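Presented below is the structure to which this report refers.
Quick caveat: nothing in here was measured; it's all calculated off a predicted structure. Chain A is the first sequence line, chain B the second, and so forth, proteins listed ahead of strands; every chain is numbered from 1.
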Amino acid sequence: MNIKVVALSVSLLSLGMAGAVQAAETLTGSGSTAIQPVLTKWAATYKEKTGVETNYGGGGSGQGIKDIKAGLAGFGATDKPLTSEELRKDHLIQFPAIIIGIAPIVNLPGIEPGQMVLDGKVLADIYLGKITKWNDPAIVALNKGLKLPDLDISVVHRSDGSGTTFNFTDYLSKVSPEWAEKVGKPNTEIPWPVGAGGKGNQGVAALVQKTVGSIGYVEQAYASENKLAYTRMRNAAGKVVLPDLKTFQAAAANADYGKTEDFYLILTNQKGAESWPITATTWVMLREDAPKATNEEVVKFFRWSLTAPEAKREAEQLAYVPLPDGTVKQIQGYWKSKLGL
Amino acid sequence: MFRNLARFAAFSVLLVLLGVAVTLFWRSWPTFHHFGWSFLWTARWDPGRELFGGWIPIAGTLISSAIALLVAVPVAYGVALFVTNLAPAWLGRPVGSAIELLAAIPSIVFGMWGLFVFAPWFAKLEPWITAHVGTLPAIGIFFRGPPMGIGMLTAGLVLAVMVLPFIASIMRDVFTVVPPMLRESAYALGATSWEVQRHVVLAYTRSAVLGGIFLGLGRALGETMAVTFVIGNAHQLSASLLKPGNSIAALLANEFAEATTPLHQSSLLALGFLLFAMTLIILIGARLLLWRLENAQGKSGL
């Protein structure tokens, strides 16, 4: 009769009831769907090696934050980091676990993946509803040599709260003062000025695939999986780059976590000639006051995920970028100082 | 003993209903307190700035349900008429069963069908609609927009398919219980098929037919998964039915898992409460209408 009870039982169900038996051999987690494919893969390999089972419920970044705050999961995962203030209030800590790239995708006759070029300003203007035709001079100027049709642009965005949206809108608000002023600060849910919403990465991919003249944004993994025409982007250094492991890695390598508190650093619009501008991170959250055995198991699992060569290889096969070694060292220091592990 | 059990069953339903209403209202109180009545007609919905207004999903719910009824009721009537009066028995029975089977399909299947089959097909039709209907005076503005295949009209049409079996099977059932003597007498007086249908069958079954329509309306108002797939999920309200919109149930499905702030959660629950209230008001309105119709019927001595 009380919303908390309902939320609790739903979360338990989504954890496959594993939350009820918090044995040392089982890790439980929930949150970001962006990290889910690679986490599932890691969990399977990790189980083979150690016998420790990991149940990850997905449910979205917001769900992960809710569950870890309520102590319903061993760890939570989110694509939108919490500030140090928020973390302290609920006795949480957070560290990055994987890098992902978000790419604009388009559906235009004759346009192949990686052919079209966009920049932040044009992307923001399209999502503001200011640029409404594919043959708009601003788009043509970036794409000399491409034949662009006199076609209305159908804008597609996420309809559910999403870490992908948080990072995408963070980028738009960094490159377009008008976006920042009109739409507001980046968030998992946004009052979109124009466009239609699809549920999940899959929903956006489906809508773009079915609508000629549409543009959307998805994790790069979904773009290549569905053979969608992802675009190139002009980055902060003014260079045109493709969304691939190399440019995601470049953005991550340019990020200086040393100056941050609790790894609060959004990777969008990073400097560097090679950096992909809409690169994002998934963070893992733990409770400082959880039973030591639980945290130890979680840390062990992520120590393996972040350092084992086979774990890194598995991530890359799924179009994720493992964290640079320097960052992994910083994370290990963080574990030591916060948890003594 | 039996009487008490039955009484308990009846009252427990009322209790559950009351419980749901009270809890929903209790949980949505922060929103009503914070935004006041203006929550009902404010269009902004901005989780980042914590500004919430329910007008767009409320209107979207009413519009998509209205489209659904507008399409489903005449078709259902035709189906019921055909099955009970016109079709030979070997055809009427399977057609009737097929319609009822539609009701058993889970709504998410309709949603997927809507998104992957109907919407792409409809998207091809939309340029034609925009060019031919969109240019008409007066009704033209309802049919303009980019051809995405999803939007308010698509949601209404998918909903129509979903509520059709409920309405049609109730109409069919009540049409078959009209005493044959009544019909035959009317025919004997020289009435045409149409006149018999309109003045005898429909008059005899009016309240049950209306009941069936309201059952369909109830389903249309609260339908979630199917609508989420095809309505476009955009927090916009435009005159054009071809443009994306939103409904209460679709908004709840999209945002509930990610609503982290208390006011956001409370606003979603407030929409849930309003949906509950809307359905209740419509049902009460329907009962009043029926009651008046029955009174009028009694007086005219039919």
> Do A/Leu207 and B/Leu115 pass the side chain to side chain contact (heavy atoms under 4.5 Å, CB included) test, and can you show the C-alpha distance, the side-chain angles, and the key distance before you say yes or no?
Replying inline: CA-CA 8 Å; A/Leu207 275 183; B/Leu115 181 62; 3.8 Å; yes

>> Counting neighbours of CH2 on B/Trp113 that are heavy atoms of other residues, nucleotides or ligands and sit closer than 6.0 Å, is the number greater than 12?
In response: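 Result for CH2/B/Trp113: enclosed.
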
>> So for atom CH2, which belongs to B/Trp41, do other residues, nucleotides or ligands contribute more than 12 heavy atoms lying within a distance under 6.0 Å?
In response: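 Atom CH2 in B/Trp41 is packed in, count exceeds 12.
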
Top contributor to chain B interface from [options] [non-hydrogen pairs under 4.5 Å]:
| options | answer |
| --- | --- |
| A/Val156, A/Ile190, A/Val194, A/Val212 | A/Val194 |
| A/Asp152, A/Leu151, A/Val183 | A/Val183 |
| A/Gly184, A/Gly197, A/Gly203 | A/Gly197 |
| A/Gly64, A/Gly213, A/Gly60 | A/Gly60 |

Between [options], who has the most heavy-atom pairs with chain A when the cutoff is under 4.5 Å?
| options | result |
| --- | --- |
| B/Pro244, B/Gly245, B/Pro47 | B/Pro47 |
| B/Lys243, B/His264, B/Arg44 | B/His264 |
| B/Gly151, B/Gly232, B/Ala123 | B/Gly232 |
| B/Ala119, B/Gly149, B/Pro120 | B/Pro120 |

> Taking C-beta and beyond as the side chain, do B/His235 and A/Glu189 meet within less than 4.5 Å on heavy atoms?
Replying inline: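 Sidechains of A/Glu189 and B/His235: no contact.
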
Of the non-hydrogen atoms in [X] and [Y], which two are nearest, and what is the gap between them?
| X | Y | answer |
| --- | --- | --- |
| B/Ala234 | A/Gly195 | CB-O, 2.9 Å |
| B/Arg49 | A/Glu181 | NH2-O, 3.4 Å |
| B/Gln236 | A/Trp192 | NE2-O, 3.8 Å |

How far does [atom1] of [X] sit from [atom2] of [Y], to the nearest 0.5 angstrom?
| X | Y | atom1 | atom2 | result |
| --- | --- | --- | --- | --- |
| B/Met148 | A/Lys210 | CE | NZ | 12.0 Å |
| A/His157 | B/Asn233 | NE2 | CG | 8.5 Å |
| B/Ile231 | A/Ser159 | CD1 | OG | 11.5 Å |

Which atoms of [X] come close to chain B, meaning under 4.5 Å heavy atom to heavy atom: side chain ones, backbone ones, both, or neither?
| X | answer |
| --- | --- |
| A/Pro186 | neither |
| A/Asp160 | both |
| A/Thr188 | side chain |

> Where does B/Phe116 contact chain A at under 4.5 Å (heavy atoms): side chain, backbone, both or neither?
Replying inline: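 For B/Phe116, backbone and side chain are both near chain A.
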
> Measuring heavy-atom distances to chain A, does B/Ala250 have an atom under 4.5 Å in its side chain, in its backbone, in both, or in neither?
Replying inline: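 B/Ala250 has no heavy atom closer than 4.5 Å to chain A.
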
